[in-house]
Amino acid sequence: MNNLSDRKVVIAFIFLIIGLIFILRLFYVQIINNKYKIDSDQNVLREVIQYPARGLIYDRNGVLLVYNEAAYDLMVVPRLVKEIDTLEFCQLLGIKLEDFRTKFYKARDYSRYKPSVFEKEISSKEYAKIQEKLFAYPGFYAQTRTLRKYPRESAAHVLGYIGEVNQKIIDNDSYYKSGDYIGKSGIELSYESLLRGKRGVKRVLVDVHNREKGSYMDGELDTMAVTGETIYLSIDAIIQEYGEKLMQNKRGSIVAIEPETGEILALVSAPAYNPNLLVGRDVKKNYPVLSNDELKPLFNRALMASYPPGSTFKTVQALIALQDGVINEQTGFPCIKSNVGCHNHPTATDVVSSIKMSCNPYYFSVFRKILLQNKSTSLFKDSEIGLAQWSKQVKKFGLGVRLETDLPSIQKGFIPDVDFYDKWYGKGRWAFSTIYSLSIGQGEIGVVPLQMANLSTILANRGYFYTPHLLKRIEKTDTIPSIFKIKHQVGVEAKYFTPIVEGMLKVVEEAGGTARRAKIDSIQVCGKTGTAQNPHGEDHSIFIAFAPKDNPKIAIAVYIENAGFGGTWAAPIASLIMEKYLKGSIKDLEKEKRILEANLMEVVQKKNKTSIH
Amino acid sequence: MRNQKNIFANIDNITVILYVVLVFIGWISIYAAVYNEEHHSIFDISQRYGMQLLWISAAFVIALIILLIDAQFYTAFAYPIFIGLLLTLIGVLLFGAEVKGSKSWFKIGSFALQPSEFGKFATALALAKYLSTMNIKMQDLKTKLIASVIIGAPAILILLQNDTGSTLVYASFVFVLYREGLSGNVLLIALYTAFLFVISLLMRINTFTFFSNLVLTGDQLLIVILALIAALIIYVTQRTKKFWMIVVAGFIFSAGLIFSVDYIFENVLEPHQSKRINVLLGIESDPKGAGYNVNQSLIAIGSGGFAGKGFLEGTQTKFDFVPEQSTDFIFCTIGEEWGFLGSFVLICLYVGLFLRIIFLAERQRSIFSRIYGYAVASILFFHFLINIGMAIGLAPVIGIPLPFISYGGSSLWSFTILLFIFIKLDAERINVLR
Ligand SMILES: [Zn+2]
């Protein structure tokens, strides 16, 4: 029997060993392993996002352009959904029965306990109807969001629109989380980081059924949502809207700039669209319509459409020639129409009259002087040296280079250089005679309307510009990005601008000028017409101008597609804008009426060309 | 010789104190597990802590009654109590109410009682009574058979009630039999079988390739290895022919077991049962299904850290992430709110109690009291082993309560009766003549 009582030791030993194993295991689980502590937080902590209100956007005079309107996301917690009249519910929401099923199953597959968005971005108007009846549908509730609202219904291309972030953005930028909004184009995109504000996070404790049980650590770690910055654009809402009105039933663009600062006063691309169309859940419906429209209303012509500058380019040619010293103010060239066509006019005996009358052969000769400066005996080599120099000079005018403005997707246009022609024709196989159409702003050259407006600015400023931009100021801060404060010199001395400006004044003011329709009573307007050759249809009408002649307040470029000669349509539109801006009202109502009533949409057929202006 | 004047005179205070401390820990853990801000009164019987307070009061009364009854009553009435229990278990099978798949409850109004809980002390009494009879030797086959019937009868009735957890508790009597002379080989064979069972489960899902074209399943490989071991043993020892026979028999037994594991797994066990075993062995991972409870339990315990989150500060248990947190997973509340320190203390209290009971059992003059004492220690230990083992992911999810701590009147009362009969027996040990 004695040996059996030894067995108490064995049994006691087993009890002790198990106790020890438990203690070791607990030591591992509770002290060494950290995973469970993290999992524990994941269980009970929910981050409730506090969406910030997006920054407001005003025009230069404090006119509200964009604000936020309350909208509602209809949320669903599948577990709580009881037997409901699905058909009636669908009618209430304005969705199809199949949609209801898809959305509901999707939410259920995601989680039965956690809320999912059932229907997004319901406007407050629609929500008012739904709200009264929502109590009858347990499991559904509304969560407040905001939608952008555009009270002026204009400047769609400038303002852009916002939309929900896609997966690619989420992957690339850690700030964004699914469900966030982001600027998709225009100012909304350029100043996204200013406008978006800062998301707040409220950490709440939830139980296993995802019911809120109070704040975590008494809200110590919570952050408040920070409202986005209010910004003021340089746009003048009145001028912008007037421009849009004038451009009704026309294709093209208007860009107006304050020369002194480079601030864009108006940026019109026609046809335009109502920015309120691309808001909230309407985007899904409206975007494809706009995007498939043959008139391309989403296309911002002012920044993206590249046209030849036509005769407006003669101002640049004259300036370069004067700076190079290959002509002087008094240089005259006969109007010999053998190489380039012209209209009938008195001979241009100096630079002033050449601009006024826009003589093509004159500038054929000017360009030849620029290119062929006898730096090489070979005509080819001489052309090459000349073109390389010329190309550099032209680019200093902000042409053929990207203007680093504050709108996305701006095109840089095209100024041909030596490389281009070497590739095109072969090295040493081209000369002035091959490329002379550049002399009058035709051929391979391409310029976007914003660059044209910037050229007006350079002419107005007699030789310099600030990069055109839209941001005037950010509320509570004084500065705008420093790149908009850099004075860009174009490399032509101010004195050489005098005859050009004089010529431009005569274009408008003097009998025989090409843009007499641009005249404004009591204001000296300087302008230059142009016609961009269009291989696909009627030529485009161009006009650049600034006013008043001394101490100019506005510089402008107007492009009207398929409208033919620049003096006919572009010039009067430019003058109306300038008059409205400078005087606040239009004196010649007949002129305004003519423009408002004109429908230039249908004029696309190509007419036989004989002359170029 | 009897000292009837003071029934408390010879009571073992250490055991009683350990009991009271564990019951108290149980109550505050239940309070913490179901705590919410709206209910303040600890006497609110709509809440589990309020109810448990009632059960505890009743348990103290029961303990007192047990101490007042003459110790001879338990030896004298061991068999009648056992027979009564068996009848009750049959009764519950016929007329009982079903709760969570187990038909093991008697319901009188809102009051429910689980007779199987009381099977433990009745069986312990009957087993003690039988084994303490004169001229009983554990070595006799007859003794083994009758002991097996005493243990097996209630176990089978409880299994029929579909209460697997409570049935398994009866396996704990093997410690008692061992102490009373059951060959240690039986324990070793049981351990070896369990080991082989687990190894076989782990191996059966894999196949192994040797010499680029010899493909063996896990089971086949296991048998080959066992055969090699058997051959090695025979070669090295080269003992008697009888020894040979034992090794060969052992090998055949092992091979049979390996194949029966497959058979049991595929054909006998319900899918959810085999899944639970797989999850426990790490063959399957299933954080939302069978493994969910264990994972949540580990999260709660693990997040407690060294010193715990503090009383009523346990987020996992308070917000219901751990299922069955006032009954089977009550240990999570302790682990989360009191951390490693609290868990350590609790385990020490339990092991201390077990060792104390063994110590008391060994000092008994009466064989009956000794056997009963071992039965008490073994049953409590088995509950402790499975319940905490389950909560910390070392044992399969088998729903049995943690003695004195888990919520529930039946289990608290049954453990109280179980323990206090032994305390009473111990208190009167001097009066018992051999
Ligand atoms: Zn001419």
Side-chain angles (χ1 to χ4, degrees), chain A residues 1-46 79 109-114 203-218 221, chain B residues 36-37 138 175-176 178-182 184 187 295-296 298-309 314-316 318-323 335-336 339-341 343-344 346-348 350-355 357-359 361-362 370 374 377-378 380-381 384-385 388-389 391-394:
Chain A
M1 227 37 185
N2 202 25
N3 65 327
L4 280 187
S5 72
D6 288 346
R7 292 192 170 182
K8 71 182 175 205
V9 181
V10 175
I11 293 171
F13 184 70
I14 292 173
F15 291 180
L16 274 172
I17 284 291
I18 293 296
L20 190 66
I21 290 172
F22 282 4
I23 285 166
L24 289 176
R25 168 74 173 168
L26 283 164
F27 187 76
Y28 171 74
V29 167
Q30 299 189 294
I31 296 175
I32 296 177
N33 193 326
N34 214 26
K35 167 182 178 289
Y36 299 115
K37 291 166 193 70
I38 297 159
D39 287 354
S40 151
D41 285 348
Q42 272 178 358
N43 263 345
V44 292
L45 280 188
R46 283 286 169 282
R79 187 179 62 94
D109 289 347
Y110 164 67
S111 169
R112 283 174 47 73
Y113 292 99
K114 294 180 195 169
R203 290 177 176 81
V204 294
L205 296 172
V206 293
D207 71 2
V208 71
H209 303 303
N210 210 43
R211 288 182 295 236
E212 285 192 23
K213 290 285 175 181
S215 61
Y216 178 63
M217 290 177 71
D218 293 326
L221 302 175
Chain B
N36 68 50
E37 271 118 39
M138 204 61 229
F175 286 113
V176 181
Y178 172 71
R179 171 62 186 83
E180 292 309 314
L182 185 71
L187 280 185
N295 190 41
Q296 290 298 341
L298 279 170
I299 289 171
I301 295 167
S303 65
F306 179 73
K309 295 178 185 170
T315 53
Q316 304 299 302
K318 201 159 69 177
F319 299 148
D320 303 335
F321 285 95
V322 184
E336 185 180 18
F340 178 72
L341 275 183
S343 311
F344 179 82
L346 186 77
I347 285 166
C348 289
Y350 270 114
V351 175
L353 177 67
F354 306 152
L355 296 180
I357 294 170
I358 291 176
F359 170 78
E362 288 293 337
R370 183 182 70 212
Y374 266 94
S378 307
L380 295 178
F381 170 73
F384 164 83
L385 173 76
I388 296 183
I392 61 181
L394 292 179

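Chain naming here is simple, since letters A, B, ... match the order of the sequence lines and numbering starts at 1 in each.
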Subject >> Non-neighbouring partners of A:Lys8 that pass salt bridge (Lys or Arg N to Asp or Glu O under 4.0 Å), sequence neighbours left out >> reply: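 With neighbours one apart ignored, the set is empty.
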**OP:** Heavy-atom pairs under 4.5 Å with chain B are the metric here; pick the option from A:Ile38, A:Ile11, A:Val10 that has the most.
**Re:**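 Of the candidates given, the most pairs with chain B belong to A:Ile11.
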**OP:** State plainly whether the residues B:Arg370 and B:Glu180 are in salt-bridge range, i.e. N to O under 4.0 Å.
**Re:**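 The answer is yes: the pair qualifies as a salt bridge.
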Original post:
Are any side-chain N or O atoms of B:Glu336 and backbone N or O atoms of B:Ala300, one a donor and one an acceptor, separated by less than 3.5 Å?
Top reply: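 Side chain of B:Glu336 to backbone of B:Ala300, a donor-acceptor pair under 3.5 Å: no, none is there.
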Below 4.5 Å from any heavy atom of chain A, which atoms of [X] appear? Answer side chain, backbone, both or neither.
X	value
B:Ala361	neither
B:Ile388	both
B:Phe381	side chain
B:Tyr350	neither

**OP:** Could you tell me the separation between the CZ atom of A:Arg7 and the CD atom of B:Glu362, rounded to the nearest 0.5 Å?
**Re:**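 Between atom CZ of A:Arg7 and atom CD of B:Glu362 there are 12.0 Å.
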If you look only at distance, which donor and acceptor atoms sit under 3.5 Å apart when one is on a side chain in residues 16-27 of chain A and the other is two or more places apart or in another chain?
residue	atom	partner	partner atom	Å
A:Arg25	NE	B:Ile392	O	2.7
A:Arg25	NH2	B:Ile392	O	2.9

